[in-house]
Amino acid sequence: MQPINDAIAQICQQAIPLTTNGENVERVDLISAAGRILAEDIHSTIHVPPADNSAMDGYAINIDDLSQSTTLPISQVINAGHPPSPLAAGTAARIFTGAEIPAGANAVVMQEQCQVQGNSVTPPSSVALNNNIRLQGQDIQQGDVIVNKGKRLQPQDIGLIASVGIAEVKVYRKLRVAILSTGDELTEPGKPLSVGKIYNTNRYLLHGLLQKMHIDVIDMGDIADTLTATTDTIQYTVARQAAMGQAIDCIISTGGVSVGDEDHIKQAVLSLGQLDLWRIAIKPGKPVAFGHIHDSQQHIPFIGLPGNPASVFVTFLLISRAFLLTLSHQKNAIPNGQVYTANFSWEANQKRQEYLRAQINQEGHIDIHPKQNSGVLSSTTWANGLVVVPPQNNIQQGDSVNFIPFNEFFSS
Ligand code: AMP
Ligand code: MG
């Protein structure tokens with residue numbers, strides 16, 4: 001069994017990140033770009049703001065015109081969006097927020113600080129240079145790189161790109177992950193359940209996890225517990241995708257990866273390619289397979305996750321996520337989490353690092369779900385994070401523990 005961090009490092013080393021070759025990038029409009037990963041640096045060709053403008057509703061003046069109780073005639077009104085005329089010497093311009101500062105003005109006095117009589121205004125006797133002026137380029141200078149290649153675009157990035165007038169950006173294509181659910185016992189939700197069957201949970205769990213990572217899913221459906229059904233389905237899907245010119249970036253299976261007579265994943269991977277790694281020292285989830293399916297054109301990475309849904313959830317977050325993030329140029333480390341006080345005691349596993357489904361209680365301490373076995377998926381919806389328990393590291397109530405909130409797994 002391999003320690004988890006070694007296993008992740010070994011797996012991620014084999015990830016070949018998307019290149020910027022033709023089919024791996026696309027131009028998308030800004031509205032579709034949220035959550036996508038930039039495949040180019042974005043430079044600004046303009047200053048933002050493009051010209052000095054007013055930060056207030058008030059009066060634009062030249063401070064050299066001021067002395068004790070100077071009264072200035074109002075020579076123009078400047079609304080946002082309309083070009084000003086140069087400020088006539090010895091006058092003030094009525095100006096509104098966002099309107100461009102006229103040539104010759106060098107300060108704006110907010111209206112609350114002025115006395116207005118008829119068509120004249122009396123500003124305070126002294127006003128600082130550039131008072132209430134947003135200077136040209138205060139946000140962005142022409143030529144600046146405003147967002148770097150490789151960044152997953154957040155709403156604020158999209159806003160920033162819009163602010164320099166760019167309508168389309170080059171992004172990496174979405175990753176394509178093919179998933180398959182193994183097990184004769186599986187029935188799809190919405191259908192009646194006959195004796196011996198259970199509902200396919202992992203398929204939906206995986207769709208949700210991949211969606212959160214902005215990854216397209218190729219669903220290979222439910223596979224019966226035979227070696228030929230498993231190999232046939234994989235071969236068929238790989239060939240079909242190749243024929244469509246849409247490469248599969250990774251295949252993820254659930255179940256059938258253990259040592260039971262009806263566990264065919266390992267054998268299927270071995271017969272279609274190579275198995276690089278099999279058992280990982282984590283709990284839940286010891287049997288996780290990593291390998292490659294070979295076809296004439298490529299080696300497709302394969303991750304065989306366990307069958308129990310809580311194990312699928314945890315091993316996906318720890319292992320599949322790291323691999324997929326590496327493919328898409330993102331930081332792949334398991335989030336660091338934070339130190340909290342344990343409101344529980346726990347006898348650690350001798351060899352495997354454990355990940356307990358946990359939540360922060362009202363005192364700000366950590367409670368764990370009372371049922372930690374890997375068949376209890378409800379523990380994952382009750383929880384809002386995982387407590388990491390290194391091997392042989394028993395925990396007493398009051399000890400410090402490392403807690404990783406679920407949302408940290410989805411912040412990159
Ligand atoms: P396996 O490794 O195939 O023996 O699966 C381990 C456990 O997970 C068994 O109890 C399976 O019934 C269960 N399991 C496997 N696949 C799924 C699935 N897609 N949805 C729900 N439970 C599953
Ligand atoms: Mg099975």
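Atoms within a ligand are numbered from 1 in the order they appear, just like the ligands themselves. Counting begins at 1 with the first residue of the sequence.
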Pair listing, salt bridge (charged side-chain N to carboxylate O under 4.0 Å, His left out) test, anchored in residues 246-274, at least two apart: Arg173-Asp249
Please enumerate all residues that pass side chain to side chain donor-acceptor pair (under 3.5 Å) together with Gln372, with sequence neighbours excluded. Arg357
Proximity of Phe316 and Phe409 rings by center, below 6.0 Å: no
For a quick check: using heavy atoms under 4.0 Å, what are the residues in contact with ligand 1, sorted by chain and number? Thr182, Glu185, Leu186, Ile198, Tyr199, Asn200, Thr201, Asn202, Gly255, Gly256, Asp263, Gly307, Asn308, Pro309
Considering only residues two or more places apart or on different chains, which pairs with a residue in residues 206-218 satisfy side chain to side chain donor-acceptor pair (under 3.5 Å)? His207-Asp219
With Pro391 as partner, the option from Gln353, Lys351, Arg352 fulfilling side chain to side chain contact (heavy atoms under 4.5 Å, CB included) is Gln353
Is the shortest side-chain heavy-atom distance between Gln241 and Ile218 below 4.5 Å? yes
